[in-house]
Amino acid sequence: MKKLIIASLLLLTMVSCEKTPDGPSDDPRRIAFLASREQGAYNEKGVILVFNEQMHQKAISGDKLQSRIQNDEQTELLNLELSSRPTTINEVVELKVTSVGVTGVKDGTYKVVLLKSDQAKLWLWDEQNYVGFIVP
């Protein structure tokens, strides 16, 4: 009986700390990111750059693998290029980031996991750098 109780408690502990491929699902940084709605980039402190219709233009490739936010002068630019378009929650893909005049995110290739999707957007998260991207 004692062994059964211990085994049950161990199983309950494992289930309550469920992890996705890139980290715990109850991480407050991820939860805050998932509440975000606008296309752009986010980090553990909040917004890095999001599309603002009054200040920016946006472009999306036909296959939706590449998207860009930029101002008219191109002094602020965020280009995001997916290696492939994820279709399944917790699917991991690579995301190449190129930016100009944007602080809070470094240029390079990120390994991101699909946390959420809807008809119009994907929520992608890099657990190693605590950076999230919402792409069309």
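We number each residue from 1, following the sequence as shown. What you see below is based on every heavy atom in this structure, not just the backbone, and it leaves out hydrogens, waters and symmetry mates.
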Measure the shortest side-chain to side-chain distance between Asp118 and Trp123 over non-hydrogen atoms and say whether it is less than 4.5 angstrom.
yes
Using the test side chain to side chain donor-acceptor pair (under 3.5 Å), find all partners of Glu81 that sit at least two apart in sequence or belong to another chain.
none
Does the side chain of Trp125 come within less than 4.5 Å of Val112's, by heavy atoms?
no
Applying side-chain contact (heavy atoms from CB on, under 4.5 Å) between His56 and each of Leu78, Leu77, Asn71, Asp72, report the one that passes.
Asn71
Anything under 3.5 Å between a donor and an acceptor, one on a side chain of residues 62-69, the other on a protein residue two or more places apart or in another chain? List them.
| residue | atom | partner | partner atom | Å |
| --- | --- | --- | --- | --- |
| Asp63 | OD1 | Ser61 | OG | 2.6 |
| Asp63 | OD1 | Leu65 | N | 3.0 |
| Gln66 | NE2 | Asn79 | OD1 | 3.2 |
| Arg68 | NE | Gln70 | OE1 | 2.8 |

Around atom CD of Glu73, are there more than 12 heavy atoms from other residues, nucleotides or ligands closer than 6.0 Å?
yes
With a 3.5 Å cut-off and sequence neighbours excluded, list the donor-acceptor pairs that the side chains of residues 92-105 form with protein atoms.
| residue | atom | partner | partner atom | Å |
| --- | --- | --- | --- | --- |
| Ser99 | OG | Asp107 | OD1 | 2.8 |

Where the side chain of Asn129 meets the backbone of Val131, is there a donor-acceptor pair that is under 3.5 Å apart?
no
At their closest point, which heavy atom of Phe51 faces which heavy atom of Gln57, and how far apart are they?
CE1-C, 3.8 Å
Taking side chain to side chain donor-acceptor pair (under 3.5 Å) as the test, write out the residues that go with Asn52, two or more places apart.
none
Report the residues that fulfil ring pair (Phe, Tyr, Trp, His ring centres under 6.0 Å) with Tyr110, sequence neighbours left out, ordered by chain and then residue number.
Phe133
Tell me, which pairs form a side-chain hydrogen bond (donor to acceptor under 3.5 Å, both in side chains) where one or both residues lie in residues 34-49, sequence neighbours left out?
none
Atom CG in Leu82, atom CG in Leu114: separation rounded to 0.5 Å?
10.0 Å
So, are Arg30 and Glu127 salt-bridged, with charged N and O less than 4.0 Å apart?
yes
Find out whether Ile89 and Leu115 are in side-chain contact, i.e. whether some heavy atom of one side chain is under 4.5 Å from a heavy atom of the other.
no
Once rounded to the nearest 0.5 Å, what's the spacing between atom CD1 of Ile134 and atom CG of Leu124?
9.0 Å
A quick test of your reading: do over 12 heavy atoms of other residues, nucleotides or ligands sit less than 6.0 Å from NZ of Lys116?
yes
